[in-house]
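All remarks here apply to the structure that follows.
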Amino acid sequence: MGIQNSESRSLDQPSIRPGLDIYYDPMFRLHDTGPEHPETPSRMDAALAGVDRAGANTLIRIPESEHPETARVIARVHSASYEKDLDEACGSGRRLFHSLDNPISSKTHAAARAVVSAALHAASDVWGERGARRAFVIARPPGHHALKGEAMGFCFFNTIACVAEQLLEREGIDRVFIFDWDVHHGNGTQQIFETRSDVFYASMHRYPFYPGTGAAEERGTGEGRGFTRNIPLEGSSGDAKYLEALERVVLPAIDEFRPHAILLSAGFDAHVRDPLGGMRVSERAFGTMTERIVEAAERHSEGKLLSLLEGGYDPEGLAASVAAHVNGLE
């Protein structure tokens, strides 16, 4: 039974891939960005095709209900009226929220909230009693550009930040490492955690490029100084530069920080086929990076790791990258 039957599967059914659970919700498709926008529902088809390539017996876990902590965690990460403002904007018939890059529809708020819920379910399964080893959330819309009080860059809720906050409330988790390899710097994630020492944020991205942040000099502030690490790369960088930066900067940072949990903002828009990224990374390199981060998780977090899909806008590039990523997560 393959991916075409996956939407009948629910969270109370066991995963058939030992050690890896994959999460998806049809709600993610309901966010309508309109014609000509690169962040479309068809991205879900490409990502699911990639999962299918990684193994014909892979099934998807679909939440049957919203995670009970969803509203509280969103309110913890974002400013007081942020979710209310997004909900009201979607209900009012407006077509944009905060930015020309952020078109909305009547279901955008529900879709973005469903992403947070699915990611919290995934984290609960990996770090809770269920004892899954790793999880990959096929998320849409993405989240790493979402600031505390502002949507931008196709993102509405900062899902990876929501997961980190929820994990830090668990007994035995005092340090979370977030590694972001999307071609665009995750300015929202950096902003949310830049003053803190319990979350280490490392980003490898094209620079200078949208959103204009992510210089190497940006290292955090106050108590968070030294717990942000940006690795800016020139346009057209390919496998060798990505893998060298991983080995030289990211893996040593993980080993020094010794996190209890590792999270990935896994954007695949640095793929050589991607129309937005301007980089030359292959799916093989994404697979290798995944394997190396899994090895770090084995050293520090009992092999536990959660990966969240961010960017990736070429269908074939996204499918190939997801296939390599899923194989690397096993």
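Glu298 CD: more than 12 foreign heavy atoms inside a 6.0 Å radius. The environment of Arg299 atom CZ is dense: over 12 non-hydrogen atoms of other residues, nucleotides or ligands sit within 6.0 angstrom. The number of heavy-atom neighbours closer than 6.0 Å to CZ of Arg280, taken from other residues, nucleotides and ligands shown, is 12 or below.
Sorted by first and then second residue, the pairs that involve residues 234-245 and meet salt bridge (Lys or Arg N to Asp or Glu O under 4.0 Å), not counting sequence neighbours, are Glu244-Arg248.
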Could you walk me through whether Glu310 and Ser265 satisfy the side chain to side chain donor-acceptor pair (under 3.5 Å) test, starting with their C-alpha distance in whole Å, then the side-chain angles of each, then the deciding distance to 0.1 Å, before giving a yes or no? CA-CA 6 Å; Glu310 299 281 3; Ser265 272; 2.9 Å; yes

Does the pair Arg273 and Glu316 meet the rule for a salt bridge (charged side-chain N to carboxylate O under 4.0 Å, His left out), with working shown? CA-CA 8 Å; Arg273 294 178 57 101; Glu316 173 55 29; 5.8 Å; no

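Between Gly317 and Ser321, the closest heavy-atom pair is O-OG, 2.7 Å. Among all heavy-atom pairs drawn from Asp182 and Gly267, the shortest one is OD2-CA, 3.4 Å. Taking all atoms of both residues into account, the shortest heavy-atom contact from Val137 to Ala122 is CG2-CB, 3.9 Å. For Tyr207 against Ala215, the heavy-atom pair with the smallest separation is OH-CB, 3.5 Å. When all heavy atoms of Ala118 and Phe28 are compared, the pair lying nearest together is CB-CZ, 3.8 Å. Nearest approach of Ala54 to Asn327, heavy atoms of both residues: O-OD1, 3.2 Å.
Ionic pairing of Glu302 and Arg133 is not present here: no N-O contact between side-chain nitrogen and carboxylate oxygen is shorter than 4.0 angstrom. Salt-bridge check for Glu223 with Arg196: failed, with every basic side-chain N at 4.0 Å or more from each acidic carboxylate O. A salt bridge does not link Asp21 to Arg134: none of the charged side-chain nitrogens sits closer than 4.0 Å to a carboxylate oxygen. Under a 4.0 Å N-O distance rule, the pair Asp125/Arg61 qualifies as a salt bridge. Between Glu247 and Arg292 there is a salt bridge, since a side-chain N of the basic residue sits under 4.0 Å from a carboxylate O of the acidic one. Ion pairing between a basic and an acidic side chain is recognised when a charged N comes within 4.0 Å of a carboxylate O; Arg72 and Glu169 show such pairing.
Taking the six-membered ring for Trp and thresholds of 30 and 60 degrees, His205 and His185 have ring planes inclined between 30 and 60 degrees apart. Below 30°, between 30° and 60°, or above 60°: for Phe177 and Phe200 the angle between ring planes is below 30°, a parallel geometry. Taking the six-membered ring where tryptophan is involved, the planes of Phe286 and Trp181 are tilted, since the angle between them lies from 30° to 60°.
Judged purely by distance below 3.5 Å, without hydrogens or angles, the side chains of His260 and Ser301 never pair a donor atom with an acceptor atom. Tyr24 and Arg29 are linked by a side-chain donor-acceptor pair at a separation below 3.5 angstrom, with hydrogens and angles left out of the test. Asn230 and Gln190 form a side-chain donor-acceptor contact under 3.5 Å, judged by distance and modelled atom types alone. Between the side chains of His145 and Asp101, no donor-acceptor pair is found at a separation under 3.5 Å. Residues Ser124 and His67 have side chains that bring a donor and an acceptor to within less than 3.5 angstrom of each other. A donor atom on one side chain and an acceptor atom on the other are found under 3.5 Å apart for His109 and Glu83. A donor-acceptor pair shorter than 3.5 Å can be found between the side chains of Asn158 and Thr189. Side chains of His184 and Asp269: a donor-acceptor N/O pair is present below 3.5 angstrom, by distance only. Residues His325 and Ser307 have side chains that bring a donor and an acceptor to within less than 3.5 angstrom of each other. Counted by atom type alone, Glu194 and Thr221 present zero donor-acceptor pairs between their side chains at under 3.5 Å.
If you look at Phe193 and Tyr201, their ring centroids are not closer than 6.0 Å. Note: Tyr23 and His121 fail the aromatic proximity criterion, with ring centroids not under 6.0 Å apart.
Separating the CD atom in Glu165 from the CD atom in Glu69 is a distance of 12.5 Å, to the nearest 0.5 Å. Between Asp85 atom CG and Asp87 atom CG the span is 9.5 Å, to the nearest 0.5 Å. Rounding to the nearest 0.5 Å places CG of Asp198 at 11.5 Å from CD1 of Ile173.
For the ring-ring contact (aromatic ring centres under 6.0 Å, His included) test with Phe154, the passing option among Tyr313, Tyr210, Phe97 is Tyr313; the others fail.
Judged purely by atom type and a 3.5 angstrom limit, Thr288 uses its side chain to pair as donor or acceptor with the backbone of Arg284. The main-chain N or O of Arg258 is never found under 3.5 Å from a side-chain atom of His300 such that the two would form a donor-acceptor pair.
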